Amino acid sequence: MKLSPLNQRRWRNFKRNRRAVWSLVIFGILFGLSLFAELLANDKPILVSYRGELRSPVMSFYSEKDFGGDFPTEAGYSDPEVQCLIVTGGLEKCFDEPTSLIEAVANDMPLADEGFAKGWMIWPPIPYAYDTIVDVPGVAPAPPSETNWLGTDDTKRDVVARIIYGFRLSIVFAGIVVAGSSLIGIIAGAVQGYFGGWTDLVFQRFIEIWTGMPSLYVIIIVFAILGRSFWLLVFLTILFGWPSLVGVVRAEFLRARNLEYVRAAKALGVSDRVIMFRHMLPNAMVATVTMLPFLITGAIGGLASLDFLGFGLPSSAPSLGELTLQAKQNLQAPWLGFTAFFTFAIMLSLLVFIFEGVRDAFDPRKTFS
């Protein structure tokens with residue numbers, strides 16, 4: 001699809017900002033990898049070969065009975081007995097000495113039923129999910145090691161796995177919140193600025209009352225009644241976050257409503273909706289895009305703050321804010337504090353640099369030469 005001349009100019013302006021381009025590349029790689037977090041960090045194998053049949057535990061549920069065991073619960077793939085059942089095709093000897101039997105099969109010991117091929121498992125690079133309790137000796141938090149690259153937290157969960165899942169969760173949360181609040185805020189600001197008069201006056205008084213509500217207390221009260229959940233937090237954050245763009249959009253529409261091209265469009269009988277969102281809104285996009293870095297970083301910081309205070313996502317969720325709280329509570333484990341700091345610093349810096357380039361791309365004063 002060929003871009004219009006206007007979008008081509010915007011793309012050229014964006015590419016001129018090398019910092020924004022490299023930030024977009026790095027952020028795209030990091031976020032793209034986090035989208036496949038289940039394949040990077042998981043306590044289930046990516047692929048299992050059992051009796052010549054391929055199975056994907058990260059995608060489907062398999063009980064221990066499916067591998068020749070006794071229990072209908074999900075197979076514990078890190079359990080030596082389950083590993084032995086997979087490798088040997090379900091030999092009953094696995095319940096005697098599973099570890100030695102696995103080693104024997106690995107050394108080409110003949111199987112009881114030669115019709116079965118030896119099983120195998122392909123594990124993710126990090127064999128722990130964000131909620132996996134790591135069986136390592138010593139007290140928690142455990143320091144970085146060969147098996148846990150950034151150590152474990154105070155409940156012996158792998159820090160790297162929680163960062164991967166937490167990074168994805170923070171970006172998805174911020175993206176949904178900013179998209180929803182921006183949509184509502186832009187429409188409200190456009191209506192206020194375009195029509196003015198009593199419409200603007202009533203809207204402004206309502207926004208003043210709405211923004212004066214103690215949003216943190218409301219979130220705490222609602223969570224106490226309904227329980228903590230991801231989508232409820234998204235809804236409440238949008239509910240209190242949409243006025244952030246209203247002032248900027250309203251000012252741009254108030255400035256442009258009496259310009260000649262708007263008056264000419266009205267004289268020609270063009271509908272108000274078309275004038276507002278096809279002709280006036282593009283001219284207000286520079287100011288709107290300028291606010292997006294603050295909205296994105298504010299949403300991520302707000303989520304981290306609520307989790308840090310214990311009023312955010314459920315305690316079982318992979319939260320970066322909860323990791324920060326653990327760093328505060330475990331000063332003897334400095335790797336937790338350094339990990340939380342650098343994760344937030346890198347993530348927020350990349351987002352700010354990207355939107356800096358987007359702002360330049362939408363600025364009509366910047367032209368490609």
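Here the structure is a predicted model, which is why all the values come from computation and not from measurement.
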**OP:** Quick one: do V249 and T288 satisfy side-chain contact (heavy atoms from CB on, under 4.5 Å)? Show the steps, please.
**Re:** CA-CA 7 Å; V249 178; T288 304; 3.7 Å; yes
Check: [X] side chain, [Y] main-chain N or O, donor-acceptor pair, under 3.5 Å:
{"X": "S23", "Y": "I354", "answer": "no"}
{"X": "Q83", "Y": "Y77", "answer": "yes"}
{"X": "W210", "Y": "L239", "answer": "yes"}
{"X": "S319", "Y": "E322", "answer": "yes"}
{"X": "N330", "Y": "Q326", "answer": "yes"}
{"X": "T199", "Y": "F195", "answer": "no"}
{"X": "Y165", "Y": "A41", "answer": "yes"}
{"X": "R162", "Y": "Y130", "answer": "yes"}
{"X": "T152", "Y": "A142", "answer": "yes"}
{"X": "S244", "Y": "G241", "answer": "yes"}

Both conditions, 6.0 Å and 45 degrees, for the charged tip of [X] above the ring of [Y]: are they met here?
{"X": "K44", "Y": "Y128", "value": "no"}
{"X": "R228", "Y": "F223", "value": "no"}
{"X": "R273", "Y": "Y194", "value": "no"}

Using the rule that two of Ile, Leu, Val, Met, Phe, Trp, Tyr join whenever any of their side-chain heavy atoms come within less than 4.5 Å, decide whether [X] and [Y] are in one cluster.
{"X": "L309", "Y": "L226", "answer": "yes"}
{"X": "L35", "Y": "F167", "answer": "yes"}
{"X": "L233", "Y": "M213", "answer": "yes"}
{"X": "L236", "Y": "I209", "answer": "no"}
{"X": "L201", "Y": "L254", "answer": "no"}

Is it the case that atom [atom1] in [X] sees more than 12 heavy atoms from other parts of the structure closer than 6.0 Å?
{"X": "K266", "atom1": "NZ", "answer": "yes"}
{"X": "W120", "atom1": "CH2", "answer": "yes"}
{"X": "F294", "atom1": "CZ", "answer": "no"}
{"X": "F206", "atom1": "CZ", "answer": "yes"}
{"X": "Y217", "atom1": "OH", "answer": "no"}
{"X": "Y261", "atom1": "OH", "answer": "yes"}

State, yes or no, whether a side-chain contact exists between [X] and [Y] at a heavy-atom distance under 4.5 Å.
{"X": "V159", "Y": "N148", "value": "no"}
{"X": "I184", "Y": "V246", "value": "no"}
{"X": "L292", "Y": "S182", "value": "yes"}
{"X": "M276", "Y": "V191", "value": "yes"}
{"X": "L306", "Y": "I220", "value": "no"}
{"X": "H279", "Y": "V274", "value": "yes"}
{"X": "P45", "Y": "V58", "value": "no"}
{"X": "M121", "Y": "I46", "value": "no"}

**OP:** Start with the C-alpha gap between Y62 and V48, add the side-chain angles, then the distance that decides, and say whether side-chain contact (heavy atoms from CB on, under 4.5 Å) holds.
**Re:** CA-CA 11 Å; Y62 295 102; V48 169; over 6 Å; no
When rounded to the nearest 0.5 angstrom, what distance separates [atom1] in [X] from [atom2] in [Y]?
{"X": "L47", "Y": "M59", "atom1": "CG", "atom2": "CE", "answer": "10.5 Å"}
{"X": "M347", "Y": "I26", "atom1": "CE", "atom2": "CD1", "answer": "15.0 Å"}
{"X": "L39", "Y": "L33", "atom1": "CG", "atom2": "CG", "answer": "10.5 Å"}
{"X": "K328", "Y": "L336", "atom1": "NZ", "atom2": "CG", "answer": "13.5 Å"}
{"X": "Q329", "Y": "Q332", "atom1": "CD", "atom2": "CD", "answer": "10.5 Å"}
{"X": "L281", "Y": "I187", "atom1": "CG", "atom2": "CD1", "answer": "9.5 Å"}

Compare every heavy atom of [Y] with every heavy atom of [X], then report the nearest pair and how far apart it is.
{"X": "I300", "Y": "S170", "value": "CG1-O, 4.1 Å"}
{"X": "L150", "Y": "I163", "value": "CD1-CD1, 3.9 Å"}
{"X": "L54", "Y": "S49", "value": "CD2-CB, 3.9 Å"}
{"X": "A174", "Y": "I296", "value": "CB-O, 4.1 Å"}
{"X": "S34", "Y": "I164", "value": "CB-O, 3.8 Å"}
{"X": "F344", "Y": "G321", "value": "CZ-N, 4.2 Å"}

**OP:** Applying side-chain contact (heavy atoms from CB on, under 4.5 Å), run through S63 and T73 and close with a yes or a no.
**Re:** CA-CA 5 Å; S63 67; T73 55; over 6 Å; no
Subject >> Geometric class of the F67/Y50 ring pair [parallel <30°, tilted 30-60°, perpendicular >60°] >> reply: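 Y50 vs F67 ring planes: perpendicular.
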Original post:
Parallel, tilted or perpendicular: which fits the ring planes of F173 and F230, with parallel below 30° and perpendicular above 60°?
Top reply: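 Perpendicular.
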Original post:
Do F353 and W22 make the cut of ring centroids closer than 6.0 angstrom?
Top reply: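 No, too far apart.
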**OP:** Under the ring-ring contact (aromatic ring centres under 6.0 Å, His included) rule, what do F338 and W335 come out as? Steps first, then yes or no, please.
**Re:** CA-CA 5 Å; F338 284 119; W335 57 87; over 10 Å; no
Regarding [X] and [Y], does a basic nitrogen lie under 4.0 Å from an acidic carboxylate oxygen?
{"X": "E38", "Y": "R168", "result": "yes"}
{"X": "R205", "Y": "E208", "result": "yes"}
{"X": "E252", "Y": "R250", "result": "no"}

Original post:
How far apart are the C-alpha atoms of R263 and E260, what are their side-chain angles, what is the distance that settles it, and do they pass the side-chain contact (heavy atoms from CB on, under 4.5 Å) test?
Top reply: CA-CA 5 Å; R263 297 169 63 182; E260 293 183 359; 5.5 Å; no
